[in-house]
Undergrad: 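Below is a structure I'd like to ask you about.
Here the structure is a predicted model, which means the values were calculated and not measured.
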Amino acid sequence: TLNVDNDHLHLQIEIPPDMPVCEVVQLLKQNSSRALKKRFAFIRRMYIENSIWSVGYFSSTIGVNEEQIRRYIEYQGQKEKPEQIDLGFS
């Protein structure tokens, strides 16, 4: 699941248990930064050598709440008030 907001994104992925999360995040940031710079000239001008992404990230395991997390991600950036959306949280 993926949802992009003005200044951040939410991404739900499944990774192999033997692959460190920090390595996956690094690969995602490197490859997406490279692809965006290749596609958009203004990004190449703005970020000459550095990655377009910030240094930090947040990560969490899901477990049994996978569908709730998916709905949470899908509704990010919506203009509706949170109380109008039933995300299944108690």
Side-chain angles (χ1 to χ4, degrees):
T1 306
L2 171 71
N3 197 339
V4 180
D5 214 335
N6 290 337
D7 62 351
H8 66 281
L9 64 89
H10 293 265
L11 177 65
Q12 178 184 348
I13 60 173
E14 185 174 334
I15 62 173
D18 62 338
M19 192 166 196
V21 173
C22 62
E23 195 174 297
V24 173
V25 171
Q26 182 182 23
L27 288 170
L28 287 169
K29 286 183 173 186
Q30 284 175 347
N31 291 330
S32 61
S33 181
R34 189 176 301 121
L36 289 168
K37 284 181 180 181
K38 184 177 180 180
R39 184 169 180 184
F40 301 105
F42 78 94
I43 293 177
R44 286 193 301 274
R45 290 190 297 272
M46 289 173 61
Y47 302 95
I48 297 171
E49 291 183 24
N50 298 329
S51 172
I52 64 174
W53 302 111
S54 65
V55 175
Y57 66 93
F58 170 79
S59 148
S60 177
T61 58
I62 291 178
V64 296
N65 296 339
E66 185 173 350
E67 186 56 36
Q68 291 175 334
I69 300 298
R70 183 175 287 116
R71 283 186 290 180
Y72 170 80
I73 291 171
E74 289 172 355
Y75 282 107
Q76 288 302 297
Q78 297 290 326
K79 300 298 180 194
E80 296 139 340
K81 295 179 184 175
E83 60 268 16
Q84 294 177 333
I85 302 170
D86 180 15
L87 297 176
F89 296 107
S90 54

Undergrad: Is there a path from Leu9 to Leu36 through hydrophobic residues (I, L, V, M, F, W, Y) whose side chains come within less than 4.5 Å of each other?
TA: yes
Undergrad: Are Leu28 and Trp53 close enough that some pair of their side-chain heavy atoms sits under 4.5 Å apart?
TA: no
Undergrad: For Glu23, is the CD atom crowded, meaning more than 12 foreign heavy atoms sit under 6.0 Å from it?
TA: yes
Undergrad: Check the hydrophobic clustering (I, L, V, M, F, W, Y; side-chain heavy atoms under 4.5 Å; chains of links allowed) and say if Val25 and Val4 are grouped together.
TA: yes
Undergrad: Got a donor-acceptor contact below 3.5 angstrom from the Lys29 side chain to the Ser54 backbone?
TA: yes
Undergrad: Spell out, yes or no, whether Leu11 and Ile73 are grouped together once hydrophobic residues are joined by side-chain heavy atoms under 4.5 Å, including indirect joins.
TA: no
Undergrad: For the OG1 atom of Thr1 and the CZ atom of Arg71, what is their distance to the nearest 0.5 Å?
TA: 11.5 Å
Undergrad: Nearest 0.5 Å, please: how far is OH in Tyr72 from CD in Gln12?
TA: 12.5 Å
Undergrad: In terms of side-chain geometry, is the basic nitrogen of Arg70 or Glu74 positioned less than 4.0 Å from the acidic oxygen of its partner?
TA: no
Undergrad: Membership question, hydrophobic clusters at under 4.5 Å side-chain separation (ILVMFWY): are Leu27 and Ile13 in the same one?
TA: yes
Undergrad: CZ/Phe42 to OH/Tyr47 distance, rounded to the nearest 0.5 angstrom?
TA: 9.0 Å
Undergrad: According to a hydrophobic-cluster definition based on side-chain heavy atoms being under 4.5 Å apart (Ile, Leu, Val, Met, Phe, Trp, Tyr only), do Phe58 and Val24 belong together?
TA: no
Undergrad: Nearest 0.5 angstrom please: Lys38 NZ to Ser33 OG, how far?
TA: 13.5 Å
Undergrad: Look only at the side chain of Asn3 and the backbone of His10, and say whether a donor-acceptor pair between them is shorter than 3.5 Å.
TA: no
